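Here's the structure, in structure tokens; my notes come after.
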Number of protein chains: 2
Amino acid sequence: MRDEDLQEMRQLPLFEGVGAAYVDSLLRSAFVQRFPAHVELVHEGDPADFLYVIVQGQVEIYASYRDRETTISVLGPGNSFIIAAVLLDRVYLKSARGLTPTRILMLPAEAVREGFAEDAHFARALAVDMALAYRGVVKELKNQKLRSSLERLANWLIAEDEKGGSTGKLDIPYDKKVLASRLGMAPEVLSRSIAALIPYKVDIRGRHVQLNDREALLSLARPVPTIDDPAC
Amino acid sequence: MRDEDLQEMRQLPLFEGVGAAYVDSLLRSAFVQRFPAHVELVHEGDPADFLYVIVQGQVEIYASYRDRETTISVLGPGNSFIIAAVLLDRVYLKSARGLTPTRILMLPAEAVREGFAEDAHFARALAVDMALAYRGVVKELKNQKLRSSLERLANWLIAEDEKGGSTGKLDIPYDKKVLASRLGMAPEVLSRSIAALIPYKVDIRGRHVQLNDREALLSLARPVPTIDDPAC
DNA sequence: ATCAGGACTTGATCAATATCAAGGACGTGA
DNA sequence: TCACGTCCTTGATATTGATCAAGTCCTGAT
């Protein structure tokens, strides 16, 4: 790994609170790889050979069954994926592909498992990351089972707006069909749901969104911390 | 805690591979509690004061939103719940209630967090448990997003039969309305789905189930390891 | 054994979502 | 600027699942 890369990797949230010497020893067995957009990084069912950490770009985590496919999440810089499979030395449950060109840190699974056993701080960082990921999926499962697609869209808009500082203005960060799959609906349903939000003063043109009546949208979405609050 | 209880608790899977002395020190701050059926053990949104481990009985893990409610899972002896909330010192994302009278080991959250920091073996056991739980939810999310309710039922029947040794004979271990909620459908839909399985030689009377044409049911259900295999 | 209440089923209907088929908008590269 | 392809939207229709309303069955308590 090049020296400037090394510098950058040390800053990753996954290594927060881990001794610098240990991080460096981990990074010695790791490497940074660039991938073009749309290539599959990880395939569902394959043995977990690497832990992946996104340095640059967007990665779509998805799963397939028969001729169907659904997006589990879309991750960005700083996020790692498939910790659980690596830790347990099992196969990946999900596939991953870049939505954009990406730069990815790849840590050999063996090194991660050793690291978990040897360095208590790294073990803690991994466990915290996994606990957060776990809670994320639980929230998503609740979102799916307890809400209609219109409600899911409304809540997604509010959450996304809050990420950007509640300005009422935001951009959808990927294709609408990816968003539809992420929200668990057909692309056509997303289109219609967007139209259904017009009475709530939601103005969506292309990827640009304006929320012109936050109160109205909130009364439809009814967000709750135990599903929607990322800090919860 | 009584001595015979202590004896029993040491055997729990959560303590596997953890030094006996450390297990005992953990158990000193813990206690075993009996609860009657149907009482709420844990309420969504409350701070995570305890890690729960089921000693006896069945516990339904569920979540609510507006006037809706859905079952996330049904757990039995040996299972623990809400590790992630305890580890992160956050609120519970789910509620829990006994479906039967239960005996439950309650470990104070503070002690668990200390244990995680102090004892590497316990930390590993917790992490493994959490990783398995994580993969369980991911599978369930895929199950929900990628399958119809009939497919979910068919796959549940096959999985449940395999748990019992693939004899083709099994009993539904709880009320059908709980199963319906667990599978993500209204109770009426479960009834109709059961009727829809008659051509596949599935015979359900009350809680007794007979699968008389495994092949036919398999061709409908199409189970895959990355959703249905508990060992995967 | 009987009765009451809960659990389950069945039928009718409605609402939500998926699918199929075109058509339109928009950005990109020639 | 034009042409192409991709993405998105819109309309029509089918399917799936939810809801409402009885009715039946089963069970557990008296």
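Letters A, B, ... mirror the listed sequences (proteins, then strands); counts begin at 1. Note that the structure is predicted; figures quoted are calculated from it, not measured.
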### Query
Residues in side chain to side chain contact (heavy atoms under 4.5 Å, CB included) with B:A154, at least two apart?
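Here the qualifying residues are B:L217, B:L220, B:A221.
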### Query
Do any of residues 58-68 of chain A sit with a heavy atom less than 4.0 Å from DNA chain C, and if so which?
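Within residues 58-68 of chain A, no residue comes under 4.0 Å of DNA chain C.
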### DNA chain C contacts among residues 173-198 of chain B, heavy-atom distance under 4.0 Å
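B:D175, B:K176, B:K177, B:E188, B:S191, B:R192, in order of number.
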In whole angstrom, what separates [X]'s [atom1] from [N]'s [atom2]?
X	N	atom1	atom2	value
A:R207	D:dT6	CZ	P	16 Å
B:L146	C:dT17	CG	P	17 Å
A:K145	D:dG17	NZ	C1'	14 Å
B:L99	C:dA7	CG	P	12 Å
B:I204	C:dC8	CD1	C1'	13 Å
B:Q144	C:dA16	CD	P	19 Å

### Query
Is the shortest side-chain N to carboxylate O distance from B:K169 to B:D161 below 4.0 Å?
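No, this pair does not count.
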### Task
Please determine if A:D229 and A:K139 form a salt bridge, counting it only when a charged side-chain N lies under 4.0 Å from a carboxylate O.
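Salt bridge between A:D229 and A:K139, a charged N being under 4.0 Å from a carboxylate O: no.
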### Task
State which residues pass ring pair (Phe, Tyr, Trp, His ring centres under 6.0 Å) with B:F31; sequence neighbours excluded, sorted by chain then number.
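Counting only residues at least two positions away or on another chain, B:F31 forms a ring pair (Phe, Tyr, Trp, His ring centres under 6.0 Å) with B:F50.
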### With sequence neighbours excluded, residues passing ring pair (Phe, Tyr, Trp, His ring centres under 6.0 Å) with B:Y92
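Listed in chain order: nothing, the list is empty.
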### Message
Once salt bridge (charged side-chain N to carboxylate O under 4.0 Å, His left out) is applied, what residue pairs with a partner in residues 93-103 of chain B remain, sequence neighbours excluded?
### Response
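Output for this query lists B:D5-B:R103, B:E8-B:R103, B:E60-B:R97, B:E69-B:R97.
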[X]: which residues meet the side chain to side chain donor-acceptor pair (under 3.5 Å) condition with it, sequence neighbours left out?
X	result
A:Q58	none
B:R222	none
A:Q210	none

Listing time: all N or O pairs from protein to nucleotides 27-29 of chain C that are below 3.5 Å?
none

### Summary
Letter by letter from the 5' end, nucleotides 22-30 of chain D scores (B base, S sugar-phosphate only, - none; protein heavy atoms under 4.0 Å) ---------
### Heavy-atom side-chain proximity of B:R135 to A:R90 below 4.5 angstrom
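SC-SC contact between B:R135 and A:R90 confirmed.
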### Message
Keeping A:K142 on the side-chain end and B:I72 on the backbone end, is there a donor-acceptor pair under 3.5 Å?
### Response
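Side chain of A:K142 to backbone of B:I72: no pair is present.
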### Query
Can any side-chain N or O of B:T71 pair as donor or acceptor with the backbone N or O of B:S73 at less than 3.5 Å?
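Not confirmed, B:T71 side chain does not pair with B:S73 backbone.
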Looking only at side chains, do [X] and [Y] share a donor and an acceptor under 3.5 Å apart?
X	Y	value
A:Y65	A:E44	no
B:Y200	B:E215	no
B:R147	B:Q144	no

### Query
When the C1' atoms of the five terminal pairs at each end define the local axes, what inter-axis angle does the helix from C:dA1-D:dT30 to C:dA30-D:dT1 show, to 10 degrees?
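The angle, to the nearest 10 degrees, is 40°.
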### Query
Of the non-hydrogen atoms in B:S80 and B:I83, which two are nearest, and what is the gap between them?
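In this case the closest contact between B:S80 and B:I83 is OG-CD1, 3.8 Å.
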### Query
Distance check: side-chain N/O of B:S148 vs OP1/OP2 of D:dT16, anything under 4.0 Å?
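No, no such contact exists.
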